[in-house]
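Right, one structure below, let's go through it.
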Amino acid sequence: MSEKNTILKGGAMPRHIGIIMDGNGRWAKKRGLPRVAGHKEGAENFKRIAEHLVDLNIEVSTFYAFSTENWKRPAAEVNNIMSLLVDYLVEWQGMRKDKNMRFRFIGDRSAFSDRIQKLMADVEEKSSVYSNQLNLALNYGARDELARAFNLLYEEHKSPITPDDISRALYTKDQPDVDLIIRTGGEKRLSNFLLFQSAYAELFFTDKYWPDIKNEDIDEAILFFQNKDRRFGGLTQGR
Ligand code: FPP
């Protein structure tokens, strides 16, 4: 085992990792392929990396697959992503125990077809006996999520509203805050992803396109996290 790996396994692990999977289209373009080929490879890579995160025993991983803004893409591309989604949901319905993946689909699912909504509910139900949480953000936007949370609290006649109340009204309600966000594809922004939950997250950016990301890149991001001095607004001892 390399020295790098020793640090990874011996150090504090992030409890919740968020991943912005960017660069599928550019990955395909670089190879002279249609954008949809990039999404296909991106989805396969999602599967590989999700398994790696379970192997590392990360408690919660959230992957940004489709934002509230992604509907603006050409219909053919959106349809292609939807049909990929159906294929994977069908596969996950039959997921075996050894994968230990518990799915939650976060975002406004009312925009999806009845078939997709039924598949989502079924995958969540069937995987609920497993323990490593995988959130897949679909038609997700943090502003929408926060507006939904405030509406829920308003309906409860909740007053005054505390940050903890907001936390428990989010899609991620019973999960720890995000410790580490990884964004691939070269852009350095959060793009409406987990804005409330990532208040103290460490941010790791890489220029690599999502389909090129390997287990080692995820390990590098975790090492980056382990080498951070997390003060949560306080001071490090001795400073
Ligand atoms: C970002 O790349 C990717 C998306 C907006 C879609 C993500 C979709 C997948 C990973 C596949 C679907 C996943 C599942 C599990 C069904 P981009 O298209 O914005 O890339 P670009 O910035 O290079 O154009």
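Whatever order the structure lists them in is the order used to number ligands and atoms, beginning at 1.
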(request) Could you tell me which residues satisfy side-chain hydrogen bond (donor to acceptor under 3.5 Å, both in side chains) with D87, sequence neighbours excluded, listed by chain and number? (result) none
(message) For W71 and F66: C-alpha separation, side-chain torsions, deciding distance, then whether ring pair (Phe, Tyr, Trp, His ring centres under 6.0 Å) applies.
(response) CA-CA 8 Å; W71 300 104; F66 197 84; 4.8 Å; yes
(message) Looking only at side-chain N and O atoms, does S131 offer a donor or acceptor that is under 3.5 Å from a partner on N100?
(response) yes
Mind listing the N or O contacts between ligand 1 and protein, cut-off under 3.5 Å?
residue, atom, partner, partner atom, Å
ligand 1, 2 (O), G23, N, 3.4
ligand 1, 2 (O), N24, N, 3.3
ligand 1, 18 (O), R35, NH2, 2.8
ligand 1, 18 (O), R73, NH1, 2.8
ligand 1, 19 (O), D22, OD1, 3.2
ligand 1, 19 (O), R73, NH2, 2.8
ligand 1, 20 (O), G23, N, 3.3
ligand 1, 20 (O), N24, N, 3.2
ligand 1, 20 (O), G25, N, 3.0
ligand 1, 22 (O), D22, OD1, 3.1
ligand 1, 22 (O), R26, NE, 3.4
ligand 1, 22 (O), R26, NH2, 3.1
ligand 1, 23 (O), G25, N, 3.4
ligand 1, 23 (O), R26, N, 2.7
ligand 1, 23 (O), R26, NE, 2.8
ligand 1, 24 (O), R35, NH1, 3.0
ligand 1, 24 (O), R35, NH2, 3.1

(message) Run the ring-ring contact (aromatic ring centres under 6.0 Å, His included) test against Y200 and tell me which residues pass, sequence neighbours left out.
(response) F232
(request) Taking ring-ring contact (aromatic ring centres under 6.0 Å, His included) as the test, write out the residues that go with F196, two or more places apart. (result) none
(message) Please determine whether residues L138 and F193 belong to a single hydrophobic cluster, defined as Ile, Leu, Val, Met, Phe, Trp and Tyr linked transitively by side-chain heavy-atom distances below 4.5 Å.
(response) no
